[in-house]
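Reading through the structure tokens given below for one structure.
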There are 2 protein chains.
Amino acid sequence: MNNEGINLKAKTPLKFSTTTLVDQVEEKLLEYIRDNRLTPGDTLPNETLLSENMGISRNVIREAMSRLRMLGIIQSRTKKGITVVEPPLLTGLEKVTNPYLFSIRTIQDIMEMRIALEIGIVDFIFNNCTADDIDDLKKIVEQGQTYEDNHWPVELEKAFHQRIYEIAGNPFITQFQNIVHIIFEFAKTHYDSLFKPINETLKKQGKLVTHEDLYLFIRNGDRAGYSQAIKGHLSLYLDFMKKAEDTEDRTDN
Amino acid sequence: MNNEGINLKAKTPLKFSTTTLVDQVEEKLLEYIRDNRLTPGDTLPNETLLSENMGISRNVIREAMSRLRMLGIIQSRTKKGITVVEPPLLTGLEKVTNPYLFSIRTIQDIMEMRIALEIGIVDFIFNNCTADDIDDLKKIVEQGQTYEDNHWPVELEKAFHQRIYEIAGNPFITQFQNIVHIIFEFAKTHYDSLFKPINETLKKQGKLVTHEDLYLFIRNGDRAGYSQAIKGHLSLYLDFMKKAEDTEDRTDN
DNA sequence: AAATGTTATTTGTACTACAAATATACGGAA
DNA sequence: TTCCGTATATTTGTAGTACAAATAACATTT
């Protein structure tokens with residue numbers, strides 16, 4: 001794989017440019033990797049060479065490299081140089097996921113996406129589910145029987161759903177849900193006053209779907225029943241999202 | 001918001017550390033933002049101050065900052081310093097999404113996740129769908145009628161599904177699907193020999209679900225029908241994924 | 001008071017220097 | 001010869017200095 005073709009900063013003084021030199025180098029590097037169809041194991045020119053070729057300070061090259069390194073696209077090793085590797089998909093998502101940085105609208109959209117995934121994996125769950133899976137779910141449900149209705153401690157609730165993602169068997173979905181889980185915790189603790197009445201209403205209407213209900217549907221192989229139930233189980237959040245739109249307070253301290 | 005509390009590199013010489021100093025500073029900064037519950041608009045200490053406080057070269061601080069800047073967590077402005085902003089969710093995903101970097105297994109998992117989302121938004125679609133949406137879909141389907149069966153040009157196929165995501169109304173799902181679309185294109189062009197026979201088989205069995213079929217289910221408000229159909233429509237990919245497991249050639253050049 | 005000019009601060013880029021790691025080459029011993 | 005240890009050279013990681021450009025805050029003038 002040749003190391004030429006990266007040529008930036010010819011004569012243009014790029015003042016008043018909205019993007020910095022680092023941004024441009026980063027883009028060039030990504031472009032280089034894509035256009036040359038580099039695959040894991042291939043190497044990039046070393047920093048000093050790039051610096052000379054592009055006529056750009058090594059500092060700037062390093063900043064751009066540092067970004068790709070953070071995303072897991074490249075790895076650097078002394079004397080060996082820089083090699084391309086297979087990056088994890090969701091590193092960036094993990095780093096930016098911080099409820100305090102998000103608007104309520106964003107939080108709603110994230111919750112909605114999680115719900116879509118939870119509904120979308122129903123078939124995977126029933127196709128892959130084993131007796132061991134059911135056993136594990138049963139144990140979790142039994143642990144939760146001391147708590148009434150939907151008021152499980154967050155850790156137990158997380159364990160239950162996480163176990164279900166495992167059954168579905170898609171690592172990215174599992175990881176995604178784990179990452180955004182903190183958003184749900186945040187919403188519940190910060191908008192408790194909105195959740196409580198919704199929960200009460202659902203309970204009165206007999207629409208409250210407990211984790212045990214979900215478990216039973218899985219155990220009984222009732223795909224349609226589970227599908228309906230999971231929607232009901234998560235409708236709590238859907239209702240919350242509608243209500244949250246009215247109360248746009250950010251609960252700063 | 002106070003600017004203290006970031007204290008790194010006390011006396012520990014951190015040699016033989018697997019993580020670099022930049023990694024640690026990045027982590028410290030994210031930690032600082034989280035722990036102090038900074039919200040968009042809040043400011044971070046400027047680079048020189050951080051450099052002095054932490055006893056770390058400004059270069060290193062800048063590299064870490066550069067990473068957060070890339071993710072959209074912070075913005076820097078001359079003289080004003082560094083301010084926290086609401087980051088986009090999927091910047092990282094977008095940057096790492098490059099089919100040539102992914103193993104077949106990863107590609108499979110991504111495709112599966114896309115399919116899960118496509119199935120999971122069925123309810124959203126039917127809840128939100130308007131007459132205009134149906135009109136637009138109709139136009140796309142009409143454009144596609146010159147092509148037989150599933151052999152739409154990628155752009156048209158993309159437009160159709162993208163329009164459906166728009167109906168569902170979740171910006172992150174739309175964005176996610178757009179980002180990973182390139183993976184599907186890649187799979188189709190690189191594993192055409194696998195797709196063709198699957199398509200033929202489906203056609204013979206009369207199980208081939210065309211985009212027009214999908215459109216009609218939406219137009220007729222047939223939620224269950226659409227749900228079934230979209231699964232059939234995407235089963236092409238599910239079958240592909242099973243087959244791809246056997247042929248682990250990476251088609252390098 | 002408004003407009004204009006000045007100053008000081010902060011980021012962006014460039015450059016140098018050196019420590020640490022390590023792949024490679026080299027050399028000696030079995 | 002082959003194997004093992006050592007030396008060398010290369011490359012990344014970190015530190016530090018310098019300066020240009022932008023701009024917020026302040027000062028001055030009209």
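Quick note on labels: first sequence line is chain A, next is B, and so on, each numbered from 1.
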For Gln75(B), I'd like to know if atom CD has over 12 heavy atoms of other residues, nucleotides or ligands within 6.0 Å.
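Open.
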If you count heavy atoms of other groups shown closer than 6.0 angstrom to CD1 of Ile182(A), is the number above 12?
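12 or below, so no.
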Rounded to whole Å, how long is the line connecting atom [atom1] of [X] with atom [atom2] of [N]?
X	N	atom1	atom2	value
Met54(B)	dT14(D)	CE	P	12 Å
Gln24(A)	dG12(C)	CD	P	13 Å
Lys80(A)	dA9(D)	NZ	C1'	17 Å
Leu50(A)	dC15(C)	CG	P	15 Å
Arg58(A)	dA14(C)	CZ	P	14 Å
Leu49(A)	dT11(D)	CG	C1'	12 Å
Glu47(B)	dG12(C)	CD	C1'	8 Å
Asn59(A)	dA18(D)	CG	C1'	12 Å

Kindly indicate whether the side chain of [X], heavy atoms from C-beta on, has any atom under 4.5 Å from the side chain of [Y].
X	Y	result
Pro87(B)	Leu71(B)	no
Arg114(B)	Phe184(B)	yes
Phe176(A)	Pro171(A)	no

Mind listing the N/O atom pairs, protein and nucleotides 7-9 of chain C, below 3.5 Å?
| residue | atom | partner | partner atom | Å |
| --- | --- | --- | --- | --- |
| dA8(C) | N3 | Lys79(B) | NZ | 3.3 |
| dT9(C) | O4' | Lys79(B) | NZ | 3.1 |

Salt-bridge criterion met for Arg58(A) and Glu52(A) (N-O under 4.0 Å):
no
Please determine if Arg34(A) and Glu27(A) form a salt bridge, counting it only when a charged side-chain N lies under 4.0 Å from a carboxylate O.
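Salt bridge: yes.
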So, Tyr165(A) versus His181(A), ring centres under 6.0 angstrom or not?
no
Listed in order of residue number, which residues of residues 61-77 of chain A have a non-hydrogen atom at under 4.0 Å from DNA chain C?
Arg77(A)
Steps toward salt bridge (charged side-chain N to carboxylate O under 4.0 Å, His left out) verdict (Lys188(B), Asp192(B)):
CA-CA 5 Å; Lys188(B) 273 207 225 166; Asp192(B) 192 51; over 6 Å; no
